[in-house]
Number of protein chains: 2
Amino acid sequence: MSTAEPPMRADAQRNRAAILEAATSALTADPRASMVDIARQAGVGRVTLYGHFPSRTELVDAVFAHNMRRAEAHLGAVDLTGDPRTALERLVSSSWREIADSHGVLEAAEQELGGDRVRAHHDDTLHRVRALLARGQAAGAFRDDVSADWLTSCAFAVLHLAAAEIRAGRLTEPQAPGVVSTTVLAIVDRPGR
Amino acid sequence: MSTAEPPMRADAQRNRAAILEAATSALTADPRASMVDIARQAGVGRVTLYGHFPSRTELVDAVFAHNMRRAEAHLGAVDLTGDPRTALERLVSSSWREIADSHGVLEAAEQELGGDRVRAHHDDTLHRVRALLARGQAAGAFRDDVSADWLTSCAFAVLHLAAAEIRAGRLTEPQAPGVVSTTVLAIVDRPGR
DNA sequence: ACTAACCCGAACATCGCTGTACGAGTTAGG
DNA sequence: CCTAACTCGTACAGCGATGTTCGGGTTAGT
């Protein structure tokens, strides 16, 4: 069943990587960046671009998947055991920046692939956070009068909000981590006492 | 300096209103709705549409402004005096639905007009909420280790998040108000005790 | 009843983007 | 060194959107 593909030539691999990289940066700057923009920024002909990715949709999909794998690898290294509160704090402080930067690619993916496909790629990362929050609920550290799913969504929303505020100049880079983790903890913390 | 415009004819006024209405609903359904879509939905010729609004940008601007005035009128009727917590609860419960519905128009406006212009239209509503939160901070009811601006942004973000979750089918209409107000209060509440 | 304001469909001119086709040049790798 | 893989620019076809123009038909208001 293996599709028996002959290995890509070295320059082709390099170009493919350059495209992925350039697309990431172009879409980050402007989620509606066109194929022309991306090709130019990758230092590659438009035709070559289409040679690697037959349509814009497939390009965006590949870029998004690529970035999610990278984030996944980074996030996977964070220790989530022990006290749920401090674990959550570790997670937030070591990932907020990366998630914030991914905003442009995420938006492009939502436009081009639709929310469901995005959700599918997001799944692993989402589950990791959700599991931590659910564990905190079970341990009595986090509030359980709302669902773990809702808490998860809120946490991500706060991260993205912080990113937007920084882009708009209403929040500075240095103060962001503090504000974000304060807010996230406020959301998940059990109220009584 | 008055531009001395002769009053519009009655049918022109009706059409203008119909366009504003149709555009609101079209953009709510799909923020990228085209002029053709909007004209059709308004039961009006494309040319007539351009007669009233010379460009898509001006249309979106007018629609957005129109909706903000409507929301403003509604929001302005809410009593924000007394205990800040219950005042905030009143505000949230009487406005969350309206704000949630405005999502499509808001997104269209952001695409077409840019964040700054959007901000300008938003200003009054934003300030009303911000004033309440600042008052709560001064009274010692709300946390003041983060800025009132940040709290304001968070509150709106939670409302929009809830709307998105409903659209995605991960939250039901009936449970939304409770979850939203719980979360907003959790964010603004003073932590100590 | 008359006139100016308004509406309408159809056609036209651009623009930007996507995707494909061709032909010739360059490079990796055995 | 030789071939297959890869790249490049250019050109073309198609789509969908935005605005504009024109000429004839309706309708409001005095």
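Letters go in sequence order (proteins before strands), and every chain restarts at 1. Heavy atoms only: backbone and side chains are in, while hydrogens, waters and symmetry mates are out.
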Asks: Taking atom types as they are modelled, is there a donor-acceptor pair under 3.5 Å from the base of C:dG9 to the side chain of B:Arg46?
Replies: no
Asks: For the residue pair A:Phe64 and A:His122, categorise the inter-ring angle as parallel (less than 30°), tilted (30 to 60°) or perpendicular (more than 60°).
Replies: tilted
Asks: Does A:Gln13 or B:Thr57 map to a spot on DNA chain D nearer the 5' end, using the closest nucleotide for each?
Replies: A:Gln13
Asks: Between A:Ser34 and A:Val47, which residue's closest nucleotide on DNA chain C lies nearer the 5′ terminus?
Replies: A:Ser34
Asks: With sequence neighbours left out, write down each residue that passes salt bridge (charged side-chain N to carboxylate O under 4.0 Å, His left out) with B:Glu58, or none if nothing qualifies.
Replies: none
Asks: Counting only side-chain N and O atoms of B:His52, is one of them less than 4.0 Å from OP1 or OP2 of C:dC7?
Replies: yes
Asks: So, does A:Thr48 use its side chain to make a donor-acceptor pair with the main chain of A:Val44 at under 3.5 Å?
Replies: no
Asks: Please state how far atom CZ in B:Arg40 lies from atom C1' in D:dA17, giving the value in whole angstrom units.
Replies: 13 Å
Asks: Within this structure, what is the CG-to-P distance between A:Leu49 and D:dC6, rounded to whole angstrom?
Replies: 16 Å
Asks: Rounded at 0.5 Å granularity, tell me how far CG in A:Leu132 sits from CZ in A:Arg85.
Replies: 12.0 Å
Asks: For each nucleotide in nucleotides 24-30 of chain D, reading 5' to 3', give B when a protein heavy atom comes within less than 4.0 Å of its base, S when such contact involves only the sugar-phosphate, and - otherwise.
Replies: ---BSS-
Asks: Closer than 4.0 Å, any side-chain N/O of B:Asn15 to the OP1 or OP2 of C:dC7?
Replies: yes
Asks: Between the base of D:dG16 and the side chain of B:Arg32, is there a donor and acceptor pair under 3.5 angstrom?
Replies: no
Asks: Could you walk me through whether A:Leu133 and A:Gln137 pass the side chain to side chain contact (heavy atoms under 4.5 Å, CB included) check?
Replies: CA-CA 6 Å; A:Leu133 292 174; A:Gln137 285 181 324; 5.7 Å; no
Asks: With clusters defined by side-chain heavy atoms of hydrophobic residues (ILVMFWY) lying less than 4.5 Å apart, directly or transitively, does A:Leu126 cluster with A:Met68?
Replies: no
